[in-house]
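These notes concern the structure reproduced below.
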There are 2 protein chains.
Amino acid sequence: MLSGRQFKTAIYEELSRIGKAVASPSRLELLDLLCQGPRTVEELAREAGLSVANASQHLRTLRTARLVEADKNGLYVTYRLADQQVCAFFLALRTLAENRLAEIEQIVRQFMEGREPMEPLEKEPLLERVRQGAVTVLDVRPRDEYIAGHIPGAISVPLKKLEQHLADLPTDREIVAYCRGPYCVLAVQAVEALRARGFRAVRLEDGVPDWRRRGFPVASGEDRDEHQGIKSA
Amino acid sequence: MLSGRQFKTAIYEELSRIGKAVASPSRLELLDLLCQGPRTVEELAREAGLSVANASQHLRTLRTARLVEADKNGLYVTYRLADQQVCAFFLALRTLAENRLAEIEQIVRQFMEGREPMEPLEKEPLLERVRQGAVTVLDVRPRDEYIAGHIPGAISVPLKKLEQHLADLPTDREIVAYCRGPYCVLAVQAVEALRARGFRAVRLEDGVPDWRRRGFPVASGEDRDEHQGIKSA
DNA sequence: ATTATACTCAAGTAATTGCTTAATTAATTT
DNA sequence: AAATTAATTAAGCAATTACTTGAGTATAAT
């Protein structure tokens, strides 16, 4: 028979499993990456700047908290979020941090200083134009992440392959680049590269998880070449 | 100038401040209590079963993460959530844990075993009856928490004073008791006491934060004696 | 079979965290 | 002024956590 105190202790102990899982910067980065789609240990480790052994251990921690799941195909172990709710929770944590910790805005400002402003003055109109397909939308993440989920109508142009696709991009039309979310630097670099070559480009801070949270539809799979008349390889 | 890696490291470091804050069972219990309303250090320590010094330290940690704020009136320091969003975040964490960690359900089952079932078979109809005022609703938390926020129409009968109010309670009408939420034992004890005395009583698992999350209105301040014709002291 | 690859596990260590006790500060009461 | 109360802080210790290195396992390629 459990006493009231024992009961509460046991319950909060369980709740803290989730808390402990998100108490590490590395694990938060891994979760953020997994919000983009499933990945192998090696890829996650590389993206997050961790040793493979270290990433593996962090992933085990996340798995014990039941936030992620893994399965093995051949040599590779692919990790993925155990549930979309985990992504929603990550976004809730991120948003809470953004609202409560002024330091975050400061870090972003510090990173952006010296660069030209690349977000449009007003965010809502941009979202509306993206939603209506009134602009050319570039998904500059690695191809796998695009396939796992992307903004409908967006074309996949991984940052690394941007050079090869410059000829296909419109010079007269506004280009909107997005990547994983507000703290991903891929779209920032894409916009810089595009502007340096004379394109009209802006960055959308939202990633697919943010887009989904707004209630907007998400497409998945390969893109079909009907979009904006561009083939991406 | 911040490199991409430095930027990410700094950002995830910040995000982890929130994670670290909720990585401890004691701090989660304190947050849960603060979701009910502002409290002094001593009260929080007593409710959470912590020494005052220990509670004070945990509260400092929560304050460094900007999740709570404190101000001093005379000898007393009153802590409160820095924002309602913090309560929403706590609920999100709790719900995620409930969905992902089967152990929680097991702990609840273990606690409830041997007791008569006190939740109604269907939860939605109960909520509807509570909302319509079709039942007598008892708030069995300490009076301060009732004043900070309660279900409209509920009357304040702190568990400790339940005995004194038995005469005022209806014997023919269903009584619904609620407290802080699903892991608070006050309403469980209240229902047991009421049933032992022949009342028809059920427990509502929701606390005020859960109720608010459903989008239902929350009342605050002293109750007026028009409700159910009962005066509570 | 041997080698290579992707990943996990174990051991070791440095750093951090959690809790206690005791001292200290700040405001109030006597 | 002295004593009391609420809360914070400091010191100290045990427990936990984070990361590295090196070994071990499972699968695939040669």
With heavy atoms under 4.0 Å as the rule, sort [X] into base, sugar-phosphate or nothing.
| X | answer |
| --- | --- |
| V52(B) | base |
| A53(A) | base |
| R63(B) | nothing |

Tell me the interatomic distance from [X], atom [atom1], to [N], atom [atom2], rounded to whole angstroms.
| X | N | atom1 | atom2 | answer |
| --- | --- | --- | --- | --- |
| L30(A) | dC19(D) | CG | C1' | 14 Å |
| D71(A) | dA26(D) | CG | P | 18 Å |
| E29(A) | dA18(D) | CD | P | 15 Å |
| L44(A) | dC7(C) | CG | C1' | 12 Å |
| N73(B) | dT28(C) | CG | P | 10 Å |
| Y76(A) | dA28(D) | OH | P | 11 Å |
| Y12(A) | dG18(C) | OH | C1' | 19 Å |
| E42(A) | dT5(C) | CD | C1' | 8 Å |

Side chain of Y79(A) - closest among dC7(C), dC19(D), dT8(C): dT8(C)
Residue S24(A), side-chain heavy atoms: nucleotide from dA26(C), dG18(C), dA18(D) that is nearest: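 Of the candidates, dA18(D) comes closest.
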Donor-acceptor pair between R17(B) and T61(B) side chains, under 3.5 angstrom: no
Any side-chain donor near an acceptor of the partner, D206(A) and Y178(A), under 3.5 Å: no
Heavy-atom pair with the smallest gap, counting every atom of T40(A) and Y76(A): CG2-CD2, 3.8 Å
Exercise: identify the closest heavy-atom pair between S51(A) and A45(A):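 That would be O-CB, 4.0 Å.
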E98(B) bridged to R94(B) by N-O distance under 4.0 Å: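 Yes, this pair counts.
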5' precedence on DNA chain D between T78(B) and S51(A) (nearest-nucleotide basis):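 Mapping each residue to its closest nucleotide by heavy atoms, the 5'-most match is T78(B).
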Contact nearer the 5' end of DNA chain D, comparing S26(A) with L75(B):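 The answer here is L75(B).
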Quick one: is [N] close enough that its OP1 or OP2 comes under 4.0 Å of any side-chain N or O from [X]?
| X | N | value |
| --- | --- | --- |
| N54(B) | dG18(C) | no |
| R60(A) | dC9(C) | yes |
| R27(B) | dG18(C) | yes |
| H58(B) | dC19(C) | yes |

First of Q57(A) and G74(B) reached from the 5' end of DNA chain C, by closest nucleotide: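 Here Q57(A) is the residue nearer the 5' end.
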Along DNA chain C (nearest heavy atom to each residue), the more 5'-positioned of K20(A) and E43(A): E43(A)
CG on D83(A) to CG on N99(B), rounded to 0.5 Å: 7.0 Å
